[in-house]
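The structure appears right after this line, and notes come after that.
Computation of the quantities below employed the complete heavy-atom set of this structure, encompassing side-chain atoms and omitting hydrogens, waters and symmetry-equivalent molecules.
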Amino acid sequence: MLAIIRIITLFVYFIGINIVLFLIYLTRPFHRNNVYLAGQFYSTMVRILGLKIELRVSNKIDSKQNYVFVANHQNSYDILTISKAALPGVVTVGKKSIKWIPIFGLIYWLSANIMIDRKNTGSARNTLDATLDKMNAKKLSIWFFPEGTRSYGRGLLPFKTGAFRLALAANKAIVPVCASEMHNKIKFNRWNNGTVIIEAMEPIDLPEEMNAKQLAQHVHSIMSAKIAQLNIEAEKLDNA
């Protein structure tokens with residue numbers, strides 16, 4: 001019974017959130033803080049799921065600077081959890097096909113997110129060049145899920161290099177965003193589904209003489225260690 005109530009409530013609440021966001025976005029389409037606003041709205045849905053978010057943001061992140069954010073991509077709940085760590089001035093890079101998703105696709109497009117065609121290698125490269133131009137012109141930070149797909153409990157998957165090529169081209173520090181393990185954490189028939197810890201870490205300045213592949217591996221190792229730490233902390237909170 002609890003599962004049915006939750007599913008219905010989530011559906012109605014999700015539709016309501018998107019209507020509100022759509023009306024706001026009509027007054028300020030492609031605003032640099034639209035993604036931040038959406039993240040704040042969507043993350044309120046975790047309360048319906050019986051989930052708590054503990055968000056930690058490094059005080060070394062300068063709101064006057066722009067960065068390349070890289071986050072672990074676990075499952076479809078990321079839109080409700082790790083999205084809360086999207087800071088003002090952040091936009092994402094996503095698949096062009098997202099815009100065809102009913103309701104959400106239009107919201108995603110109006111949020112000024114950058115869409116790429118991953119089936120077209122040349123187009124994707126051109127999009128990264130355009131992303132660099134937009135990043136510099138509007139002083140935006142760009143958010144990537146460098147795994148390129150959801151991990152579904154397989155741990156932190158190998159990183160694709162697009163985010164790191166952009167960071168090197170823009171000469172921008174990288175901010176890792178790590179979330180504790182979410183695989184099979186949420187049970188719709190359980191009142192309390194525990195805590196997910198999300199941490200936006202201290203910016204990583206670009207090490208000298210590293211190419212994109214080496215930089216991706218370097219950041220991957222940092223994030224792997226942090227996620228392991230957050231998993232231990234989240235488990236302690238859940239068992240307390």
Partners passing salt bridge (Lys or Arg N to Asp or Glu O under 4.0 Å) against [X] (at least two apart in sequence or in another chain):
{"X": "Glu235", "value": "none"}
{"X": "Lys185", "value": "Asp238"}
{"X": "Glu181", "value": "none"}

For [X], give me all partners under ring pair (Phe, Tyr, Trp, His ring centres under 6.0 Å), at least two apart in sequence or on another chain.
{"X": "His73", "answer": "Phe145"}
{"X": "Phe188", "answer": "none"}
{"X": "Tyr77", "answer": "none"}
{"X": "Phe144", "answer": "none"}

Query raised in the report: For Tyr36, does the OH atom have more than 12 heavy-atom neighbours from other residues, nucleotides or ligands under 6.0 Å away?
Result: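 Check fails, neighbour count at 12 or below.
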Query raised in the report: Got more than 12 heavy atoms from elsewhere within 6.0 Å of CD1, Ile4?
Result: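 12 or below, so no.
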**Report entry** Verdict with supporting geometry, Ser180 and Asn231, side chain to side chain contact (heavy atoms under 4.5 Å, CB included)
**Finding:** CA-CA 5 Å; Ser180 59; Asn231 287 341; 3.5 Å; yes
Query raised in the report: Just by distance, with hydrogens left out, do Tyr108 and Asn34 show a side-chain donor and acceptor under 3.5 Å apart?
Result: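 No, no side-chain donor-acceptor pair sits under 3.5 Å.
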Query raised in the report: Can you pull the ring-ring contact (aromatic ring centres under 6.0 Å, His included) pairs that have at least one residue in residues 147-185, sequence neighbours excluded?
Result: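 Every ring-ring contact (aromatic ring centres under 6.0 Å, His included) pair that includes a residue of residues 147-185, provided the two are not neighbours, is Phe159-Phe164, Phe159-His220.
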Query raised in the report: Among all residues two or more places apart in sequence or in another chain, which pass the side chain to side chain donor-acceptor pair (under 3.5 Å) test with Asn33?
Result: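 Not a single residue meets the side chain to side chain donor-acceptor pair (under 3.5 Å) criterion with Asn33.
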Report task. Enumerate the residue pairs fulfilling side-chain hydrogen bond (donor to acceptor under 3.5 Å, both in side chains) with a member in residues 192-204, sequence neighbours excluded, ordered by first and then second residue. Result ->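 Only Arg190-Asn193, Glu199-Lys226 qualify under side-chain hydrogen bond (donor to acceptor under 3.5 Å, both in side chains).
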Query - Asn211 and Thr161, any side-chain heavy atoms less than 4.5 Å apart - result: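 Contact flag for Thr161/Asn211 side chains = no.
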Query raised in the report: With hydrophobic residues grouped by side-chain heavy-atom distances under 4.5 Å, do Met201 and Ile197 end up in a single group?
Result: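 No; Ile197 is not reachable from Met201 via cluster members.
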Query raised in the report: Other than Trp100, which residues form its hydrophobic cluster under the rule that side-chain heavy atoms must be closer than 4.5 Å?
Result: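 Other cluster members: none.
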Requested in this report: Would you check if the side chain of Ser141 reaches a backbone N or O of Tyr67 as a donor-acceptor pair within less than 3.5 Å?
Outcome: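 Checked: pair present.
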Query raised in the report: Counting only N and O atoms by type, is there a donor-acceptor contact under 3.5 Å from the side chain of Ser111 to the main-chain atoms of Asn113?
Result: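 Absent.
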Requested in this report: Sorted by first residue and then second, give each salt bridge (Lys or Arg N to Asp or Glu O under 4.0 Å) pair with at least one member in residues 133-155; sequence neighbours left out.
Outcome: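 Passing the test, one end in residues 133-155: no pairs.
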